[in-house]
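Working notes, beginning with the structure itself.
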Amino acid sequence: MPAINPVVDLAADGEIAILSVNYPPVNALSHQVRAGLLDGIRTASTDPAIKAIVLICEGKTFIAGADITEFGKPMQPPGLVEVQDAMEAAPVPVIAAIHGTALGGGFEVALCCHYRVAVASAKCGLPEVNLGLLPGAGGTQRLPRIVGVEQALDMVTSGKHVDGKTALAAGLFDELVPEGTLRASAIAFARKVVAEHRPLKRVRDADDKLAAARGKPEMFDAFRKANAKKFRGFLAPEYNIRAVQAAVDHPFDAGLAIERKLFVELMQGTQSAAQRYVFFAERQVWKIPDVPDDTQTIPIKRVGIIGAGTMGGGIAMNFANIGIPITIVEAKQDALDRGLGVVRKNYERSTKSGRLTMADVDQRMALFTGSLELEALADCDLVIEAVFENLAIKQDVFGKLDRIVKQGAILATNTSALDIDQIATAVARPEAVIGLHFFSPANVMRLVEVVRARHTSKPVIATSLALAKKLGKIAALVGVCPGFVGNRILYARSQQANAMLMEGAMPWDIDKAIYDFGLPMGPFAMSDLAGLDIGWSAERTSSSTIREVLCERNRRGQKTAAGFYDYDEQRNARPSPVTEQIIREFAARSGAPQRTISEAEILERCLYAQINEGAKILEEKIAIRPSDIDIVWINGYGWPVYRGGPMFYADTVGLREVVAKLEGYGAKLGKDFAISPLLRQLAADGKRFGDLK
Ligand SMILES: NC(=O)c1ccc[n+]([C@@H]2O[C@H](COP(=O)([O-])OP(=O)(O)OC[C@H]3O[C@@H](n4cnc5c(N)ncnc54)[C@H](O)[C@@H]3O)[C@@H](O)[C@H]2O)c1
């Protein structure tokens with residue numbers, strides 16, 4: 001039998017045809033793969049000697065999904081549906097032989113085969129929801145016919161991968177075969193199907209699982225309600241639910257048509273565009289133009305951490321989780337004991353959810369060595385300083401480290417806003433100094449801003465990025481400036497939020513607008529959570545800001561059950577008349593005219609100020625590309641991924657509109673928004689941040 005094309009091959013083993021795909025790296029469903037599959041199925045189907053067809057893939061995986069580089073372009077025939085129809089209608093059984101990951105379109109192809117065999121390590125799933133889509137090639141119609149409505153809803157709205165054993169139990173796989181024998185086992189399975197005259201099992205014809213759900217629309221609403229928090233703001237989960245509901249309510253082909261219609265709507269919408277953009281942004285963020293992939297890295301076998309406070313303990317946990325030993329240095333024994341106690345408690349909490357066993361906890365804690373002497377860090381390959389946010393203290397610590405820690409080690413600081421170039425002046429090896437800005441809680445939050453200082457060497461950068469990846473984090477390389485990328489943009493928003501308090505808005509008005517836009521909380525709820533007394537001192541307080549007055553009245557945020565808001569025992573927030581009174585008094589003194597501020601104005605001033613700051617960050621080359629800024633805001637501050645990050649969002653609004661609005665508010669308020677020249681230029685040229693690449 002002939003090779004069909006360069007990526008699809010057809011061979012015969014006696015009466016069994018073997019259709020194999022070889023399109024590295026993941027056998028994505030490109031045009032050539034689709035065309036080859038269609039040809040192969042047709043050729044094998046019309047050969048009277050062939051009694052069954054095995055579909056198998058070369059390389060590390062079964063077809064792992066659509067070729068997303070083809071998204072948004074006109075599709076070259078044949079479409080996937082045509083290929084699937086040919087498989088499902090084949091006159092002889094078609095058997096999918098699965099290894100690796102059968103995902104998305106790949107799994108939808110497997111669902112059109114009459115049987116599926118897999119090695120136990122194989123996984124399957126429909127992760128389209130993560131790109132703001134739904135499985136648009138019959139997945140939402142065929143899946144519930146096999147696993148039932150509840151499991152189908154769970155799979156399509158979570159996008160999670162199902163392991164081989166679970167897939168076998170659910171009927172998604174018909175047989176598990178030994179690792180390394182897939183081809184031979186699948187051929188043997190095909191022979192068995194032929195010998196036993198097993199039927200051509202077409203998933204589309206199965207109805208018993210759907211019959212069980214018919215006339216029970218309440219199960220869909222119950223599912224929506226149970227997941228309302230997780231799905232908030234996202235269109236795709238709802239569309240996936242509707243598509244599964246269509247499988248229950250309509251005959252197969254009508255359901256398929258509804259699935260298609262819903263798919264096209266999602267594909268053409270901004271949410272999926274944003275989610276697909278983020279998918280690429282997450283891959284791009286690791287690429288540093290002047291630090292090539294083959295830059296030498298420094299082996300990290302032992303990590304030192306200075307300060308066992310909020311950040312130090314959380315940062316250390318990341319390393320313990322991947323088996324790297326940690327030496328943690330504190331100023332005093334009680335602080336060290338307290339810090340290690342918090343780490344243990346955090347791990348023990350994970351045993352309650354079943355994520356860790358007590359043995360795991362002990363194993364992780366055994367990786368910690370505590371000390372009160374910086375000398376204990378002499379042999380560390382990486383030291384991360386997480387002491388108080390004070391330049392003099394940090395310089396003192398770095399000066400000592402310079403004399404103690406071995407040459408070649410990385411000396412990192414977790415500072416949130418201090419000038420790392422200044423910290424680096426304390427050492428004779430500034431090339432070893434870098435910022436590793438973890439976010440709080442550091443054992444949970446995915447983002448690390450890797451801060452490149454003036455003299456940081458390329459191996460130190462490459463090692464830091466590789467390490468962040470190994471820790472399961474996402475890292476963005478940024479430059480030195482007050483607040484780096486994330487907090488600098490946060491300050492820009494806070495300025496607007498605070499200004500609006502003087503003009504008549506209340507904290508809860510502003511927070512609501514930001515929450516409804518899709519962020520997990522607004523600026524004032526966030527301040528209450530972090531604590532209003534960060535950087536505040538009872539000795540030096542002078543009642544000169546709202547925040548100071550709140551602290552003076554012991555309203556220091558959630559921890560004192562009062563801050564901008566009042567809190568009940570369950571930490572539910574309520575607007576506070578005390579806060580309102582304080583704000584009104586400040587506003588009266590400010591002389592700013594009081595007015596009702598619309599939600600649109602709140603959003604525009606907060607978000608466009610962020611966008612403007614982002615543009616300045618790009619101008620100053622503090623961030624490499626707009627999408628890196630978006631990665632920071634999505635992963636560090638909960639910017640909704642379906643809006644793609646502030647810079648992507650700016651492009652959807654239109655930069656001309658952003659500039660016009662900022663100018664308009666500036667004129668109205670008699671304020672200078674100091675619009676970034678880059679932003680002005682792009683707007684004037686009719687361009688987008690996306691054009692900067
Ligand atoms: N808390 C956050 O949300 C957050 C987020 C990102 C970065 N940061 C930064 O991380 C750093 C630490 O912040 P934190 O919130 O963990 O503070 P923290 O007060 O909770 O912890 C600091 C710890 O450092 C110890 N320490 C102080 N001087 C020391 C010294 N010379 N030697 C050894 N230990 C010493 C203190 O005893 C204390 O336990 C700061 O630079 C801060 O700006 C904080």
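It should be emphasised that the depicted structure is a prediction, and the values quoted were computed from it without experimental measurement. Order of listing sets the numbers, starting from 1, for every ligand and every atom in it.
- Nearest-heavy-atom check against atom 9 (C) of ligand 1 across I384, L391, N414 picks out N414.
- Counting protein heavy atoms only, atom 23 (C) of ligand 1 is closest to E330 OE2, 3.5 Å.
- Separation of the F524 and W508 ring centroids does not fall under the 6.0 Å cut-off.
- Closest of all the heavy-atom pairs between M311 and A386 is CB-CB, 4.4 Å.
- Taking every heavy atom of I306 and a limit of under 4.0 angstrom, the matching atoms of ligand 1 come to 32 (N), 33 (C).
- R446 has a carboxylate O that lies under 4.0 Å from a charged side-chain N of E282, or vice versa, which qualifies the two as a salt bridge.
- In the candidate list G435, S416, A530, S416 is nearest to atom 8 (N) of ligand 1, counting heavy atoms.
- Given atom 22 (C) of ligand 1, the protein heavy atom at minimum distance is A386 O, 3.6 Å.
- Between the side chains of T456 and E431, not a single donor N or O lies within less than 3.5 Å of an accepting N or O.
- Of the polar atoms of T310, at least one N or O is found under 3.5 Å from an N or O of ligand 1, judged by distance alone.
- Note: Y642 and Y649 fail the aromatic proximity criterion, with ring centroids not under 6.0 Å apart.
- The distance criterion of under 3.5 Å between nitrogen or oxygen atoms is not met by A308 with respect to ligand 1.
- The parts of V387 lying near ligand 1 are both backbone and side chain, judged by heavy-atom distances below 4.0 Å.
- Salt-bridge annotation for K512 and D509: absent, with no side-chain N of the basic residue lying under 4.0 Å from a carboxylate O of the acidic one.
- Nearest non-hydrogen protein atom to atom 44 (C) of ligand 1 is M311 CG, 3.3 Å.
- In this structure, a donor-acceptor pair under 3.5 Å is present between the side chains of Y565 and D511.
- For H437, no nitrogen or oxygen atom sits less than 3.5 Å from a nitrogen or oxygen atom of ligand 1, counting backbone and side chain alike.
- Closest to atom 34 (N) of ligand 1, if we only count protein heavy atoms, is A331 N, 3.4 Å.
- Short contacts between ligand 1 and G309, defined as distances under 4.0 Å to a heavy atom of the residue, involve ligand atoms 16 (O), 20 (O), 21 (O), 23 (C), 39 (O).
- The ligand atoms of ligand 1 that sit less than 4.0 angstrom from a heavy atom of S440 are 2 (C), 3 (O).
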Exercise. Please report the C-alpha distance between K616 and E620 in whole Å, then the side-chain angles of each, then the deciding distance to 0.1 Å, and finally whether the salt bridge (charged side-chain N to carboxylate O under 4.0 Å, His left out) criterion is met.
Key: CA-CA 6 Å; K616 291 181 189 174; E620 295 166 26; over 6 Å; no

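- Salt-bridge annotation for R429 and D402: present, with a side-chain N of the basic residue lying under 4.0 Å from a carboxylate O of the acidic one.
- The closest approach between a heavy atom of K394 and any atom of ligand 1 is below 4.0 Å.
- At a distance under 4.0 Å, no protein heavy atom can be found next to atom 17 (O) of ligand 1.
- Atoms of ligand 1 lying under 4.0 Å from any heavy atom of F388, numbered from 1 in the order shown and given with element: 19 (O), 22 (C), 27 (C), 36 (C), 38 (C).
- A 6.0 Å sphere centred on CG of D379 holds no more than 12 heavy atoms belonging to other residues, nucleotides or ligands.
- With hydrogens and angles left out, the side-chain atoms of S576 and R555 include a donor and acceptor closer than 3.5 Å.
- No N or O atom of T415 sits closer than 3.5 Å to an N or O atom of ligand 1.
- Closest of all the heavy-atom pairs between P640 and L519 is CD-CG, 3.9 Å.
- Summary of contacts: the protein heavy atom closest to atom 31 (N) of ligand 1 is V397 CG2, 3.8 Å.
- Ligand 1 has F438 within reach: a non-hydrogen atom of the residue lies less than 4.0 Å from it.
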